[in-house]
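Scroll down for the structure; my scribbles are underneath it.
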Amino acid sequence: MDERQKNVSLVLAVNGERFELPCVDPSTTLLHFLRSETCFKSPKLGCGEGGCGACVVLVSKYDPNIKKVEDFSVSSCLTLLYSLNGCSITTSEGLGNTRDGFHSIHERFAGFHASQCGFCTPGMCMSFFSALVNADKGNKPDPPPGFSKLTSSEAEKAIAGNLCRCTGYRPIADACKSFASDVDIEDLGFNSFWKKGDSKEVKVSKLPPYDPTKNFSTYPEFLKTEFATNSGSSRRYPWYSPVSIEELRSLLNSNVTENGASFKLIVGNTGTGYYKETQRYDHYIDLRYIPEPSIIKRDQTGIEVGAAVTISKLISFLKEENKVNLGSYGTLVSQKLANHMEKIASPFVRNSASVGGNLVMAQKNGFPSDIATLFLGLCATVSLMTSHGFENLTWEELLSRPPLDSRTVLLSVCIPFKQDQSSLQIHSEVLFETFRTAPRPHGSALAYINAAFQADVSLCQKGLLINNIQLAFGAYGTKHATRTKKVEEYLTGKILNIHVLYEALKLVKLAVVPEDGTLHPEYRSSLAVSYVYEFLHPFTDVHSAISGGLLNGISDISVEELSKSCNDVCISQGREQTLLSSAKQVVELSSEYYPVGEPMKKVGAAMQASGEAVYVDDIPSPPNCLHGAFIYSTKPLAGVKGVQLESNRSTDGVTTIITFKDIPSGGENVGVIAMSDPEPLFADDLARCAGDRISVVVADSQRSADVAARTALVEYDTENIYSPILTVEEAVEKSSFFQIPPYMNPKQVGDFSKGMSEADHKILSAEIRLGSEYYFYMETQTALAIPDEDNCMVVYTSSQCPENMQHVIASCLGVPEHNIRVITRRVGGGFGGKGVRSMPVSTACALAAYKLRRPVRICVNRNSDMIMTGGRHPMKVTYSVGFKSSGKITALHLDILMNAGITEDISPLLPSNVIKALKKYDWGALSFNVKLCKTNLTSKSAMRAPGEVQGSYIAEAIIEHVASLLSIEVDSVRNKNFHTFESLNLFYDNIVAAGEYTLPSIMNKLAVSSSFFQRSKKIEQFNQNNTWKKRGISRVPIVYEVVQRPTPGKVSILQDGSIVVEVGGIEIGQGLWTKVRQMTAYALGLIDSSWAEDLVEKVRVIQADTLSLVQAGFTAGSTTSETSCEAVRLCCDILVERLTPLKKQLQEQNGSVDWPMLIRQAQAQSVNLAANSYYVPEFDSMSYLNFGAAVSEVEINILTGETAILQSDIIYDCGQSLNPAVDLGQIEGAFVHGIGFFMHEEYLTNKDGLMVSNSTWTYKIPTIDTIPQNFNVHVVNSGHHEKRVLSSKASGEPPLLLAASVHCAARAAVKAAREQLQLWGKLDGSVSEFYLDVPAILPVVKTQCGLDYVEKYLESLLAQKSN
């Protein structure tokens, strides 16, 4: 062992730079190393789970035997540094940067407007670069010049595992597809490279050039030389890399595993993304250098897969053309396995994750594995090395055993190929199919249930005989995958027909039963039925095919051909996913205020792509910096007696715990000051909600702090404590409410009683419930506090309201506000969550730094962020509505209960927001009663379109309900209740000037451009002709009121003529800096209009600094960009006034004058070149309405509940856009964010109100495979709006409401499914009177169609036959 324990340095390269590390903690991840020990910050910590892609880098390994470099993407947050000896790492900065020039990937991302907040962009670039590098190394034909060998489909799939909350993905997909060899350049979307009318050749020439032959090397020569004789298997204590099975056995039986020493077997370490580690191991054993577990073999008898083989390598191997004839079954199995495995995790996880690791997690921990189910269905066998020797057994046997002990190693798996039996008497074939249904079709989501089926079948005169069948199911809420033996026994030996299938499905439902506590258990059982139906139903009609003369001889036709000839209405699971279609972006430009109105690319977009843009956590840690992590309550209402930290090596480095007792005298226990009642920073003796902040543990590393916080034991006292209030009903019962100030109460309209008396029909006390939603900004809450001289503090924070934070920190520390300097450069996504909810994080950070007199930083981990931050307000709405037989509504009353959580936050604003958005229709008379319920849940706060998204949806739900009761078209009911100009001003207090009500024309334009009525008819035909797929279409308008707030600005011109701008608004990805830059150039260009274009490049907008610019307020409500622009314009007006006389004088003297000369002379003549302003909007014009409409078409799969958005068309009025490219991005991004709320994001809490869907594994925001396949946006220029900022209007939040069109279309599709049930005489309840929950996730859709839909279909067939 002496040799093994010898320390050998770890050597690797990062972006071509050599790093030699003699001493490394073996638990160190690559991400931690890159961010703390190198200057490369482009890989970001987004989740720590391998679930978001923000940390993706390229790893390159050299094989000296074949002299080839292998390049693959990995999640650096999961990859252990020690596993990379001899490897080269490339980050986005390594591709290109501001100094050396950007890579064409960076430039195309910027030019296609594919980066907004920018936090996810470097990881996105690296995922794509990995695919690009590997495609260009492949054997495909050479692409046209400027393109790669990548296909459009591969380009999209390359980024399918990367999350983005800002853009809506469409521009990212276009940026990636611009490299594809098969792309039609005309299909690529709006960009800054070419102009309308350019030819294809010109467009290609204007793209930033890409030449794969000139690509830089991913693996430096010095590493090749260094590792020519050493493949990286050197031994470094306590990291072992055995090179043989014998060496591994001796290691496992040596002192490495004795005396209670802990050890871990390692291949990819990706399991830590699911099972969070809180312990440190004494020893790590890397299995990748042992030959046997790394081998894959395939011949006519089967496939042998080594346990250390990565999932990606297995997929590639299965897809390879094989020289050996595998037979039809072997080929079928290889194809099906590869297709299924491509839907597991994401490329950058599959590249590291081993097949064996996946299986062992399934066997030991009950991980809901797909591979475990596939191998069970294929009757796989496994080879183990135990402490007693070697053992071979079936995978099914191993699953039934107790969890493997730590010394048992899975070596390989063997999948046997069944041979087709063929003779004169019998002709049998083996069928094989796999299934999975998950929230995302392309992967990055665990399945609700997966399955693998194989059947040995023969054709005979009476039909299809099942000789043998295996039905394996997994991931449905059991400890491991199982086979349904009773179903198999029933089917074996039977000739398949409708009756046999029906009886088999009854047995399936009894056999596949999730354990108690599993989410959506009935849905999962129903899916199992759907799978078996899909597998077998095509063969139930074989007898009629034979008797009808299709079969002259038994061997004339194969089973597969027969299944195609039968009337198979099922959906093939293995088909290629549809690509995103070409999308149209129509942008109406105006040059009236040039360069304002130009679709310029976002400031710093290429820098964001390269990863050089600095976010708070990218700021290098000062010397002696400590790290903090929150300890929060897991109880909704309990006394806190104390906090105990678990004592182990993982919590080494803990310095102290900061609680409310550490607040200095003169300071207050305050973490939030929003409207009136302040919110405590820490629970004192009483925790008031699950997620309430109890303390901050401070340690010498973020990992130590996080582990200490995660393992801390809080001692609670629940004696003599009232029961918590968790629901709005309990709040009503106990009269637990927040007061709404009278001036914030929205106004009622008309006489409700009179309106109801005029109605022909009434709906009384109908109910709508809406849940919460988490922000899912890519950058979690983060802060860095640095003590400064004279009792001062500098706090760097990711915040939408630095000034309010300054106030809170000063109040907490008991110091004047001028002692606290808060700086925010940019925010990695906000959506309202970096407003009020960021305050306690920075305040706690500052308090710890103040107490310890050392810098402290807090980067809240994703799981804690999701639990503590709150989110959107849940609501319960009860409504009564009266309406005429024509569909015209005469009166509406609503009782709205909003769950505000434990503190007030900004909740008093919500009632007004809900009602304003709901007023988009003419309800005749409108009355309401809104209550803000105070509950023992985390405080709910502003979230993109707070209240408006709920209000607008409530309006649509009521319209749909009225239409369903009257059995008339929903669209006609919408039209009946559409506002006239007069009724609009009645409901909105005369806010709209004549000519500004553009919504009627938008709706008409949209009907034409989207072919709404024609498509509606086609959908009717489609639904009549398709049993298992149904479509729906919906057209939805929005009216959205925004309010401008006062905003400061400052413009300074420096000696060389460059310009520095400060504004109150924060750049959170919405393009505020870009618009401000354009406005500065326009306004200063009024001195000489020919200067405007050059002035754009001279402008730099700088970070917000609370001691430099005061009265900045909140960046929220969609209007901060325009008010910041107006503040800058006022500054520039002052400067223009000062400089114009001088310019005139210089012109008279010299004949001509340019900008640099003007500024030099101004300096010489002591002209003041700095100007401040404070824009205060006029009271009568500070509010205005935004208009837009969307048509969405959705297809549902009745068998699974899956929804696909086939097309969305949006028309949105931006007034005269300040930057149409930026506004287009906001429209698309908001719409897709809304799709998340309405269709995907399931916010789950336990019985104590603690959020339990608090990870990327359980909370699903939209991905590239869940957005509209055809996504068309028209940004309308509605001309002059006298009281707007250069006639512009807002775009950040209103388009989110349009995503309700997707939900309404899904409801229409469900209605079509219910109509079909009615035709069969099998519908329980009404065709149209049903409520589709929000979000309409797969279980919701399938439940409303009918969980027993398949059984009812078969019953209808059996009934027909009996007749």
Side-chain angles (χ1 to χ4, degrees), residues 593 595-597 603 799-804 806 822-827 1042-1054 1059-1068 1070-1087 1092 1095-1096 1098-1139 1168-1184 1215-1219 1222-1223 1281-1292:
Y593 306 112
V596 170
V603 172
S799 172
Q800 292 173 241
C801 51
E803 186 176 73
N804 301 66
Q806 175 191 34
V822 179
I823 295 172
T824 300
R825 181 174 295 182
R826 60 174 58 80
V827 173
V1042 295
V1043 181
Q1044 291 185 341
R1045 291 179 310 282
T1047 309
K1050 181 180 178 184
V1051 178
S1052 307
I1053 305 170
L1054 307 183
I1059 302 152
V1060 177
V1061 179
E1062 293 177 73
V1063 287
I1066 305 296
E1067 176 59 65
I1068 54 177
Q1070 83 283 46
L1072 183 147
W1073 281 4
T1074 310
K1075 289 179 176 179
V1076 164
R1077 195 183 193 200
Q1078 290 172 264
M1079 180 63 90
T1080 307
Y1082 160 71
L1084 288 177
L1086 293 175
I1087 300 172
L1095 284 176
V1096 173
K1098 295 184 183 295
V1099 179
R1100 180 180 293 278
V1101 187
I1102 61 170
Q1103 62 196 20
D1105 181 336
T1106 57
L1107 295 187
S1108 177
L1109 196 69
V1110 300
Q1111 295 178 282
F1114 270 72
T1115 297
S1118 301
T1119 58
T1120 316
S1121 291
E1122 66 198 59
T1123 56
S1124 294
C1125 282
E1126 186 61 13
V1128 163
R1129 188 160 78 105
L1130 295 176
C1131 294
C1132 292
D1133 286 349
I1134 296 167
L1135 293 169
V1136 168
E1137 193 178 332
R1138 292 174 188 166
L1139 290 168
N1168 183 354
L1169 292 177
N1172 282 60
S1173 73
Y1174 189 54
Y1175 167 58
V1176 181
E1178 293 175 20
F1179 182 77
D1180 64 344
S1181 61
M1182 63 194 299
S1183 298
Y1184 64 90
Q1216 207 157 301
S1217 171
L1218 297 173
N1219 182 320
V1222 165
D1223 287 331
H1281 298 272
E1282 189 182 336
K1283 295 182 178 178
R1284 305 278 61 82
V1285 175
L1286 298 191
S1287 296
S1288 68
K1289 298 180 83 172
S1291 63

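For the atom pair NZ of K1075 and CG of L1286, the computed distance is 11.5 Å after rounding to the nearest 0.5 Å. Rounded to the nearest 0.5 angstrom, L1135 CG and I1053 CD1 are separated by 4.5 Å. Here the CD1 atom belonging to I1059 is positioned 7.5 Å from the SG atom belonging to C1132, to the nearest 0.5 angstrom. For the atom pair L1218 CG and C1125 SG, the distance stands at 5.0 Å (nearest 0.5 Å). Note that OH of Y593 is 4.5 Å distant from OG of S1287, once rounded to the nearest 0.5 Å. In this structure, CE on M1079 lies 9.5 Å from CG on L1130, to the nearest 0.5 angstrom.
A donor-acceptor pair is defined here as one N or O able to donate and one able to accept, closer than 3.5 Å; such a pair exists between the side chain of E1067 and the backbone of W1073. Side chain of T1123 to main chain of T1120: a donor-acceptor pair is present (N/O by atom type, distance under 3.5 Å, no hydrogens or angles). With E803 contributing its side chain and A1112 its backbone, the two residues share a donor-acceptor pair below 3.5 Å. A donor-acceptor pair under 3.5 Å is absent between the side-chain atoms of T1106 and the main chain of A1104, judged by distance alone. Of the possible donor and acceptor atoms, none in the side chain of R1045 sits under 3.5 Å from a partner among the backbone N and O of G1113.
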Could you walk me through whether R1129 and D1133 pass the side-chain contact (heavy atoms from CB on, under 4.5 Å) test, one step at a time? CA-CA 6 Å; R1129 188 160 78 105; D1133 286 349; 4.2 Å; yes

Pair R1284, Y1184 - check side-chain contact (heavy atoms from CB on, under 4.5 Å), show working. CA-CA 9 Å; R1284 305 278 61 82; Y1184 64 90; 3.1 Å; yes

Please report the C-alpha distance between V603 and V1101 in whole Å, then the side-chain angles of each, then the deciding distance to 0.1 Å, and finally whether the side-chain contact (heavy atoms from CB on, under 4.5 Å) criterion is met. CA-CA 9 Å; V603 172; V1101 187; over 6 Å; no

Under the side-chain contact (heavy atoms from CB on, under 4.5 Å) criterion, do T1047 and V1063 qualify, and how do the steps go? CA-CA 8 Å; T1047 309; V1063 287; 5.5 Å; no

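T824 and S799 make their closest contact through CG2-O, 3.6 Å (heavy atoms, listed as atom of the first residue, atom of the second, distance). Closest non-hydrogen pair, N1168 versus R1138, comes out as O-NH1, 2.8 Å. A pairwise comparison of heavy atoms in E1062 and S1108 identifies OE1-OG, 2.7 Å as the closest pair. Residue S1118 comes nearest to A1290 through the heavy atom pair O-CB, 3.4 Å, listed as atom of the first residue, atom of the second, then distance. What you find for V1043 and T1119 is that their closest heavy atoms are O-OG1, 3.0 Å. Between I1066 and P802, the shortest heavy-atom distance links the atoms CD1-CG, 3.7 Å.
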Name every donor-acceptor pair, under 3.5 Å, that has one atom in a side chain of residues 1169-1182 and the other anywhere in the protein, sequence neighbours excluded.
residue : atom : partner : partner atom : Å
S1173   : OG   : A1127   : O            : 2.6
Y1175   : OH   : Q1044   : OE1          : 2.8

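Residues satisfying the salt bridge (Lys or Arg N to Asp or Glu O under 4.0 Å) criterion with R1077, sequence neighbours excluded, are E1097. With sequence neighbours left out, S1291 forms a side chain to side chain donor-acceptor pair (under 3.5 Å) with D1223.
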